[in-house]
Every structure is written in structure tokens, then in C-alpha cells.
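Each remark here refers to the structure printed beneath this line.
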Amino acid sequence: MSEKNIIGKILYTQEDITKRAKEIAKQIDKDYEGEELILLGTLKGSIPWFTDILKYITNDARIDFITASSYGSSMTSSGIVKITYEPTINMYNKHVLVIEDIIDTGNTLKYLKAKLAERGPKSVKVCSMLNKESRRVADLHAEYVGFEVDDLFVIGYGLDYDQRFRGLPYISYLEAEDVESL
């Protein structure tokens, strides 16, 4: 990959992400051995991470998706959570593992976990590719975390800026001057 094709400043390469996904998938296999598991991907950002986790776990799992957001086209959370696509799978008495791209303030995920708990699952846990603890407002933690990140605006590997850059094969971050030149 040539230097001039890189957008932002790289934090994690595709190799870093794949290695970490394999490690987490192994732990998920151990933790849910013999249990019914539903992997619930948060659209759209979690898709690359979701597929990595799915292909590296060896236990059988059902899959579904949900769309919940508090960003819109901004670089910061609006604080208002909108669910625009609901999962259709029966979660009653099953373990649900929400696959998330990034946990920032935690407000969206806290709201989402409460809504999912209404469906009567055995458990609702979280597997997030990135965790931005420095911005956490809600009392929430993920049971499985790919990487901890500082308070940076990250893009790539599913993460976007105004619906752009999701397909980058790495995770990088943008600074204010980067955004102005886009």
C-alpha cells in the first residue's frame, strides 16, 4: 500500500485486526461452548469486524442485525439514539453477543442493551472492535474488546466519516486538518 493512498494516520493494520479477531473468537468459543449463541451485528459499521468474528469462531451461531445510531453525519454523538432496523430472530432464552464497531460515549449501546433485554435473552454481552473509554458517559463495558483507542476520530474497517471510508482495510484516524481537506 503506497503512502499517498493512505487516508489519515494508521492505528491498526488489517493484520493487527485479523490477529485480534482470532484471539477473541477463540475466547468466545470457550465462553459459549455448548450454548445457543446469537451474533447481533450493529449496521453498518460492524460488518468487517462481525464477519471476522463469525468466520473465526468454531461454535455454531445464528446471526442477525440491528441499526442504531446517534451520529448522523457529525463527528460527535448527538445523544439521541435512533433504531431504524430491528432484529427478527427469536432471542428468548438465548445468549446474545452484540458485535459493535466502536464504543464511544456508550449511550447508544446502553440503550440498545436495555431494548434487547426486553426480548428475554439469557444474556446480552458486547464484542467491540474499538473501545474509546476516555469518552464514556454511560455505565457500560464490553466483555470482548479488540483495541483501546484514545479520543480520536477513527475511520476504516467499517468505521466512517459521513458514510465514507468504511472500506479501508485498516483503521486510521483523522485530525481536523484532514477533515477540512476531504
Side-chain angles (χ1 to χ4, degrees), residues 1 8 10-69 85-104 106 108-117 119-136 138 140-150 152 154-160 165-173:
M1 175 178 340
I10 293 182
L11 289 171
Y12 302 105
T13 65
Q14 188 167 17
E15 293 76 22
D16 296 333
I17 300 164
T18 297
K19 179 179 181 229
R20 189 67 182 122
K22 287 178 179 178
E23 293 168 354
I24 289 173
K26 186 176 179 179
Q27 187 62 49
I28 291 168
D29 278 340
K30 181 179 172 191
D31 294 349
Y32 292 99
E33 186 175 2
E35 298 286 339
E36 288 190 70
L37 177 63
I38 297 169
L39 299 180
L40 184 67
T42 58
L43 295 175
K44 301 172 186 163
S46 76
I47 291 173
W49 180 244
F50 180 92
T51 57
D52 280 354
I53 296 298
L54 179 62
K55 72 183 167 187
Y56 296 125
I57 62 171
T58 59
N59 295 345
D60 190 30
R62 295 175 187 216
I63 66 170
D64 208 338
F65 297 93
I66 190 165
T67 303
S69 178
Y85 179 81
E86 295 267 350
T88 57
I89 199 164
N90 180 1
M91 297 178 185
Y92 183 76
N93 211 27
K94 312 274 190 316
H95 294 284
V96 177
L97 183 59
V98 178
I99 310 293
E100 179 70 283
D101 53 356
I102 185 168
I103 305 173
D104 193 330
T108 301
L109 204 48
K110 182 177 181 181
Y111 178 83
L112 183 65
K113 283 183 74 174
K115 294 304 270 180
L116 293 172
R119 296 172 180 237
K122 278 187 184 178
S123 68
V124 178
K125 295 185 178 178
V126 177
C127 172
S128 185
M129 180 172 65
L130 300 178
N131 185 39
K132 198 184 290 187
E133 191 70 39
S134 64
R135 300 239 327 128
R136 190 78 75 248
L140 179 112
H141 78 282
E143 287 75 14
Y144 308 94
V145 173
F147 304 97
E148 298 288 337
V149 292
D150 292 329
L152 302 168
V154 288
I155 59 168
Y157 217 80
L159 300 155
D160 73 299
F165 311 117
R166 290 187 192 277
L168 297 175
Y170 51 83
I171 297 170
S172 64
Y173 66 96

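Taking each heavy atom of Ile53 and Ala25 in turn, the nearest pair found is O-CB, 4.2 Å.
Using a 4.5 Å heavy-atom threshold, the side chains of Pro48 and Met129 count as separate. Counting only heavy atoms from C-beta outward, the side chains of Ile89 and Lys94 never approach each other to under 4.5 Å. In this structure the side chain of Leu159 reaches within 4.5 angstrom of the side chain of Leu130, judged on heavy atoms.
Not a single donor-acceptor pair under 3.5 Å links the side chain of Arg166 to the backbone N or O of Tyr157. Glu143 places a side-chain N or O within donor-acceptor distance of the main-chain N or O of Val126, the cut-off being under 3.5 Å. Side-chain atoms of Arg20 come within 3.5 Å of backbone N or O of Gly146 as a donor-acceptor pair. With hydrogens and angles disregarded, no donor-acceptor distance shorter than 3.5 Å links the side chain of Asp52 to the backbone of Trp49.
Relative orientation of the Tyr12 and Phe147 rings is parallel, given thresholds of 30° and 60° on the angle between their planes.
Of the inter-residue distances, the one linking Ile103 atom CD1 with Arg135 atom CZ reads 13.5 Å to the nearest 0.5 angstrom. Separation of atoms CG (Leu116) and CD (Glu86) is listed at 8.5 Å; rounding is to 0.5 Å. Ile155 CD1 to Ile102 CD1: the interatomic distance, rounded to the nearest 0.5 Å, is 12.0 Å. Once rounded to the nearest 0.5 Å, the distance linking CG of Asp31 with CD of Glu33 reads 10.0 Å. The structure places CG of Leu11 at 11.0 Å from OH of Tyr170, a figure rounded to the nearest 0.5 Å. Once rounded to the nearest 0.5 Å, the distance linking CG of Asp16 with CD of Gln14 reads 10.0 Å.
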Counting only pairs under 3.5 Å, give me each side-chain donor-acceptor contact of residues 36-46, with atom names and distances, residues two or more places apart or in other chains.
| from | atom 1 | to | atom 2 | distance (Å) |
| --- | --- | --- | --- | --- |
| Thr42 | OG1 | Ile99 | O | 3.2 |
| Thr42 | OG1 | Glu100 | OE1 | 2.7 |
| Ser46 | OG | Thr42 | N | 3.1 |
| Ser46 | OG | Thr42 | O | 2.6 |
| Ser46 | OG | Ile99 | O | 3.4 |

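The number of heavy-atom neighbours closer than 6.0 Å to CD of Glu148, taken from other residues, nucleotides and ligands shown, is above 12. Heavy atoms of other residues, nucleotides or ligands lying less than 6.0 angstrom from CG of Asn93 number more than 12. The environment of NZ in Lys115 is sparse: at most 12 heavy-atom neighbours from other residues, nucleotides or ligands sit within 6.0 Å.
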Worked verdict on Ile57 versus Tyr32 for side chain to side chain contact (heavy atoms under 4.5 Å, CB included): CA-CA 10 Å; Ile57 62 171; Tyr32 292 99; over 6 Å; no
Verdict with supporting geometry, Lys26 and Glu23, salt bridge (charged side-chain N to carboxylate O under 4.0 Å, His left out): CA-CA 5 Å; Lys26 186 176 179 179; Glu23 293 168 354; over 6 Å; no
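The one candidate from Thr51, Asp29, Ile28, Thr18 that meets the side chain to side chain contact (heavy atoms under 4.5 Å, CB included) condition with Tyr56 is Thr18. The side chain to side chain contact (heavy atoms under 4.5 Å, CB included) test with Leu112 singles out one residue from Leu140, Ile66, Val124, and that residue is Ile66.
With no hydrogens or angles considered, no side-chain donor-acceptor pair links Tyr173 and Asp150 at under 3.5 Å.
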